[in-house]
Structure formats: structure tokens, C-alpha cells
Amino acid sequence: MNETIKSIKKRYSCKSYLNKRVPLSKLKIILEASKQAPSALNRQICNVLCLNNPVMVNKLRELSLKESKIDYYYNAPVMVLVYGPKDDKFLDKDGACILENIFIAASSLNIDSCWINHTDDLLNSKNGKLLKKEFAITNDARIVGTAILGYRNPKFKVVYKKRKDNFIKII
């Protein structure tokens, strides 16, 4: 089995992180991989915003706690927001490809990850609009998803969920 397939197979959704920084050198590799994702008609409509500064990361975490009473970001030290024009019919597809590249690249570097879907709702809340502006995300943009990155808290039990049978059909 080649290294790429190994990275895909070992990836899981991590929901508890150590307070440990991801080296900038590894983060740059992951973000570069995000640029290599396919996009419809090669329009490259999505943008990637990486929150690596602890102050900025905590602003989004605090918003999550204020709005939802839940830390949707599981104490991860890095948050990568993927967004683009909210009315574009290919936004979700293009953004999903970017996020998947991020997850595979992170896994290959032994960095844990999880896809978070709540960021768009949070940033469009009354309290979130100021933070959205601070992040320089315009009102005509929508967050497809957020990849949180970091190192797994060893107290978090890794669960590789069984994949369903009859998922693949070849005719």
C-alpha cells in the first residue's frame, strides 16, 4: 500500500486536542496541498483562511461557546476556514475538495483533524458578524467548512468506524 493510501486510511475525526502548536513548516505544507484541489472549470473560487494565532483561534472558540455553549473546535490550535461566493453553485463541491486535501495532507504529517460545519452559522450570528468582518470575510461569502488541526489528546480514544458493506459497485 502506498503512503497516500495509508494516510487516507489512518485519518479519523479527532475531537480532543492537546494545547500544542503545529509547526509552521508543516502547516505551510498542508495549506499548499489545499491549493492543489480540483475546482470546477479551474475557477478556483474558494479562499482559505488559516487561524494559527492563538488570539484569533480563541476569538472563534469564544464565539462558539457564547452562541452554542459548546466548543465546536475541541480546543484545536489551528482552524482553517474554506469559503467562497455564497451563490456559486460549485462552492460546496470545490470547498469539499480543498478540505479533503487538507485532511489527507495533515494525516500524512501525523497531524489530527476534524471537519467542523458550524462556522458559517456562528459568523453570521449577531455576535459573529463583527468577527467575520475582522477576518475580512465579506457578507457575500459562505463558509463551506472548517478543518481543525492539531495533536490528539491521548485521553481521546481513537475510533476507526467500520465502513458500510456494499458501498462500492462496479459494473
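With sequence neighbours left out, Glu62 forms a salt bridge (Lys or Arg N to Asp or Glu O under 4.0 Å) with no residue at all. Scored by the side-chain hydrogen bond (donor to acceptor under 3.5 Å, both in side chains) test, Asn117 finds Trp115 as partners (sequence neighbours excluded). Shown here are the ring-ring contact (aromatic ring centres under 6.0 Å, His included) partners of Tyr12, two or more places apart in sequence or in another chain: Tyr160. Taking Asn110 as the reference, Lys10 meet the side-chain hydrogen bond (donor to acceptor under 3.5 Å, both in side chains) condition, with sequence neighbours excluded. Partners of Lys26 by salt bridge (Lys or Arg N to Asp or Glu O under 4.0 Å), not counting sequence neighbours: none found. Under the salt bridge (Lys or Arg N to Asp or Glu O under 4.0 Å) criterion, Lys93 pairs with no residue, sequence neighbours left out. Residues satisfying the salt bridge (Lys or Arg N to Asp or Glu O under 4.0 Å) criterion with Lys89, sequence neighbours excluded, are absent altogether. Residues satisfying the side-chain hydrogen bond (donor to acceptor under 3.5 Å, both in side chains) test with Asn58, not counting sequence neighbours, are Arg61. Taking the ring-ring contact (aromatic ring centres under 6.0 Å, His included) definition, one finds that Tyr72 meets it with His118, sequence neighbours left out.
In this structure a side-chain-to-backbone donor-acceptor pair under 3.5 Å is missing from Ser107 to Phe103. Lys86 places no side-chain N or O within 3.5 Å of a backbone atom of Leu91 that could act as its donor or acceptor partner. Without hydrogens or angle criteria, Asp112 side chain to Arg152 main chain gives a donor-acceptor distance under 3.5 Å.
Sparse packing is recorded around NZ of Lys15, with 12 or fewer heavy atoms of other residues, nucleotides or ligands lying under 6.0 Å away. Counting non-hydrogen atoms of other residues, nucleotides and ligands closer than 6.0 Å to CG of Asn166 gives a total of 12 or fewer.
Closest heavy-atom contact between Val144 and Ala96: CG1-N, 4.1 Å. Closest approach of Tyr151 and Pro23 over heavy atoms only: OH-CD, 3.2 Å. Scanning all heavy atoms of the two residues, the minimum distance from Cys114 to Ser13 falls at SG-CB, 3.8 Å. Minimum heavy-atom separation, Val22 to Pro77: CG2-CG, 4.5 Å. For the residue pair Tyr17 and Ser113, the shortest heavy atom distance occurs at OH-C, 3.2 Å. Residues Ile98 and Cys46 come closest through the heavy atom pair CD1-CB, 3.4 Å.
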Which atom pairs, donor and acceptor, lie under 3.5 Å between side-chain atoms of residues 35-42 and protein residues at least two apart or in another chain?
unit_1, atom_1, unit_2, atom_2, d
Ser39, OG, Arg43, N, 3.4
Ser39, OG, Gln44, N, 3.1
Asn42, OD1, Gln44, NE2, 3.0

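Ile104 and Ile111 are assigned to two separate hydrophobic clusters, defined by single-linkage of ILVMFWY side chains at heavy-atom distances under 4.5 Å. Under the 4.5 Å side-chain contact rule for hydrophobic residues, Val80 and Phe135 do not share a cluster. Connection of Ile30 to Leu81 is not established within any shared hydrophobic cluster, with ILVMFWY side chains joined at heavy-atom distances below 4.5 Å, either directly or through further cluster members. In this structure, Leu31 is not a member of the same hydrophobic cluster as Ile116, with clusters built from ILVMFWY side-chain heavy atoms closer than 4.5 Å. Val48 and Ile45 end up in the same hydrophobic cluster when Ile, Leu, Val, Met, Phe, Trp and Tyr side chains are linked at under 4.5 Å.
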### Query
What's the verdict on side chain to side chain contact (heavy atoms under 4.5 Å, CB included) for Lys129 and Asn139, showing C-alpha distance, side-chain angles and the deciding distance?
CA-CA 9 Å; Lys129 288 183 180 185; Asn139 287 328; 5.6 Å; no
### Message
Run the side chain to side chain contact (heavy atoms under 4.5 Å, CB included) test on Thr4 and Ser108 for me, step by step, so that the C-alpha distance in whole Å, both residues' side-chain angles and the decisive distance to 0.1 Å come before the verdict.
### Response
CA-CA 7 Å; Thr4 303; Ser108 77; over 6 Å; no
### Task
Decide side chain to side chain contact (heavy atoms under 4.5 Å, CB included) for Asn124 and Ile143; before the verdict, give the C-alpha distance in whole Å, the side-chain angles of both, and the deciding distance to 0.1 Å.
CA-CA 10 Å; Asn124 284 310; Ile143 312 294; over 6 Å; no
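Sorted by first and then second residue, the ring pair (Phe, Tyr, Trp, His ring centres under 6.0 Å) pairs with a member in residues 18-40 form an empty list; sequence neighbours excluded. For residues 137-146, every residue pair satisfying the salt bridge (charged side-chain N to carboxylate O under 4.0 Å, His left out) rule, not counting sequence neighbours, is listed here: Asp92-Arg142.
Distance check, rounded to the nearest 0.5 Å: CG of Leu131 to NZ of Lys59 gives 7.0 Å. Distance check, rounded to the nearest 0.5 Å: CZ of Phe156 to SG of Cys14 gives 5.0 Å. Note that CG of Asp165 and CD1 of Ile168 are 10.5 Å apart. Values are rounded to the nearest 0.5 Å. To the nearest 0.5 angstrom, Leu122 atom CG is 6.5 Å from Glu67 atom CD. Considering CG of Leu123 and OG1 of Thr146, their distance stands at 7.5 Å, rounded to 0.5 Å. Taken from CG in Leu63 to OH in Tyr73, the straight-line distance is 7.0 Å, to the nearest 0.5 Å.
Using a 4.5 Å heavy-atom cutoff, the side chains of Glu134 and Met56 are in contact. Under the 4.5 Å side-chain criterion, counting only non-hydrogen atoms from C-beta, Asn47 is not in contact with Ile137.
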